[in-house]
There are 2 protein chains.
Amino acid sequence: MKQSRGLIWLYGLALALGALVLQWLDYLYTVRRFSTEIGIVIVAALFTALGIWTGNRLTRSRIAPDFEKNTQALSALGISEREDQVLELLAKGLTNQQIADHLFVSLNTIKTHLSHLYQKLEVSNRTQAIHKARALRLIA
Amino acid sequence: MKQSRGLIWLYGLALALGALVLQWLDYLYTVRRFSTEIGIVIVAALFTALGIWTGNRLTRSRIAPDFEKNTQALSALGISEREDQVLELLAKGLTNQQIADHLFVSLNTIKTHLSHLYQKLEVSNRTQAIHKARALRLIA
DNA sequence: CAGGTCATCACCCGAACGGGTGATTGCGCG
DNA sequence: CGCGCAATCACCCGTTCGGGTGATGACCTG
């Protein structure tokens with residue numbers, strides 16, 4: 001959110017600068033009798049740089065915050081909140097007993113949650129679950 | 001390799017197109033008596049688009065092949081090539097038996113390699129090994 | 001209220017995993 | 001050549017994991 005806000009501001013500023021450059025070039029044409037070709041080359045170079053810069057910002061903002069733990073896949077697979085918590089700790093390399101301790105529940109409860117996770121992810125063990133969950137961007 | 005090759009070709013093509021556009025605009029100026037401002041705006045728009053496009057391609061090619069499986073950490077930890085192969089398959093969620101089948105060795109061999117990996121990574125089970133290997137950029 | 005979902009816990013059993021020891025082969029290095 | 005190291009395989013033993021079934025209570029929804 002913050003980033004796209006900043007992006008918009010910066011882009012607007014760049015456009016304003018571009019307008020200023022255009023005015024300046026117009027002034028050069030009328031007063032200093034510049035060659036048209038040189039002016040065009042200058043404009044081309046400036047706006048190419050502007051485009052590269054904005055392109056970088058666009059892609060960066062498109063790539064960096066890309067893993068909001070996509071709720072789409074979570075709900076599409078019917079993974080509950082508790083199961084997602086177990087999945088998170090699972091990916092950290094904790095054993096079932098450690099997960100149980102972190103969530104203040106019994107070891108059997110963790111096993112049940114994991115069984116449901118395996119069914120929903122269509123896997124048969126924890127390492128496959130980690131692999132698939134990462135592929136589906138369910139975990140960071 | 002292939003991608004950067006293609007990138008270079010496409011960039012050169014874009015430059016050639018830009019030159020053609022400049023020629024075309026020059027023609028318009030002389031023959032059709034276009035307004036200079038309109039021409040500049042056209043050039044600006046075109047080169048902004050060109051910049052965004054090349055910027056996208058540059059960042060894409062800069063981001064994609066960013067994880068070379070850093071040999072530094074591998075050698076620093078004393079992980080042999082065979083152990084690295086086992087680690088790779090381990091992270092894919094395969095069981096020990098499946099890893100053994102992929103590498104055409106015995107199940108006991110895989111267990112030995114994994115024991116060595118656990119010692120070198122200072123972990124105690126496979127999920128922790130995956131977690132730490134990913135943190136150390138040993139696996140994709 | 002009846003039905004469904006979720007979270008919780010229990011038990012059992014087979015499979016997989018982890019750790020340890022020991023052994024053999026091949027390869028490079030001093 | 002002798003040494004170390006990587007790779008291979010075997011055996012034993014205890015722990016963990018995975019699957020199945022069953023059960024309870026809380027909550028929501030029609």
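By convention in this document, chain letters (A, B, ...) are assigned in the order of the sequence lines, proteins followed by strands, and residues within each chain are numbered from 1.
Both B:Thr109 and B:Gly78 lie close to DNA chain D; mapped to their nearest nucleotides by heavy-atom distance, the more 5′-ward contact belongs to B:Gly78. Mapping A:Lys120 and A:Leu107 onto DNA chain C by nearest heavy atom places A:Lys120 closer to the 5' end of the strand.
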Practice problem: Take A:Gln97 and A:Asp101 through the side chain to side chain contact (heavy atoms under 4.5 Å, CB included) test and state the conclusion after the steps. | Solution: CA-CA 6 Å; A:Gln97 185 60 63; A:Asp101 293 342; 3.2 Å; yes

Quiz item: Could you walk me through whether A:Lys132 and A:Glu122 pass the side chain to side chain contact (heavy atoms under 4.5 Å, CB included) check?
Solution: CA-CA 9 Å; A:Lys132 190 147 191 177; A:Glu122 296 173 324; 3.8 Å; yes

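Although no hydrogens or angles enter the test, the distance criterion places a donor-acceptor pair under 3.5 Å between the side chain of A:Lys120 and the main chain of A:Gly78. Between the B:His102 side chain and the B:Gln98 main chain, a donor and an acceptor come within less than 3.5 Å of each other.
Close to D:dA10, at under 4.0 Å from its OP1 or OP2, lies a side-chain N or O of B:Ser106. Residue B:Asn96 places no side-chain N or O under 4.0 Å from the OP1 or OP2 atom of C:dA16. Contact annotation: A:Tyr118 side-chain N/O to D:dG18 OP1/OP2 distance is under 4.0 Å. Between D:dA6 and B:Arg82, no contact under 4.0 Å exists linking OP1 or OP2 to a side-chain N or O. For C:dA10, one of the phosphate oxygens OP1 or OP2 lies less than 4.0 angstrom from a side-chain nitrogen or oxygen of A:Asn108. Between D:dC17 and A:Asn125, no contact under 4.0 Å exists linking OP1 or OP2 to a side-chain N or O. A sub-4.0 Å separation between OP1 or OP2 of D:dT16 and a side-chain N or O of A:Thr95 is absent.
From B:Thr112, atom OG1 reaches atom CZ of B:Arg82 across 12.5 Å, with rounding to the nearest 0.5 Å.
Atom NZ in B:Lys111 sits about 12 Å away from atom C1' in D:dT15, given to the nearest Å. Rounding to whole angstrom units, CG of residue B:Leu117 and P of D:dT8 are separated by 13 Å. To the nearest angstrom, C1' of C:dA16 lies 13 Å from CG of B:Leu90. Rounded to whole Å, the distance from CD1 on A:Ile99 to P on C:dT8 is 13 Å. With rounding to whole Å, B:Gln98 atom CD is found 9 Å from C:dA16 atom P. Between A:Ile110 atom CD1 and C:dA10 atom P the separation is 12 Å, expressed in whole Å. Remark: P of D:dC17 and CG of B:Leu114 are 15 Å apart, rounded to the nearest angstrom. Rounded to a whole Å, the CD atom of B:Glu81 is 8 Å from the P atom of D:dA7.
Not a single donor-acceptor pair, N or O on each side, falls under 3.5 Å between the base of D:dC5 and the side chain of B:Ser80.
Within 4.0 Å (heavy atoms only), B:His116 reaches no atom of the nucleic acid at all. Across all strands, B:Ser124 comes closer than 4.0 Å only to sugar-phosphate atoms, never to a base (heavy-atom distances).
Side-chain atoms of B:Arg126 lie closest to C:dG18 of the nucleotides C:dT8, D:dT8, C:dG18.
Between A:Leu87 and the options A:Leu114, A:Ile130, A:Leu117, a side-chain contact (heavy atoms from CB on, under 4.5 Å) holds for only A:Leu117.
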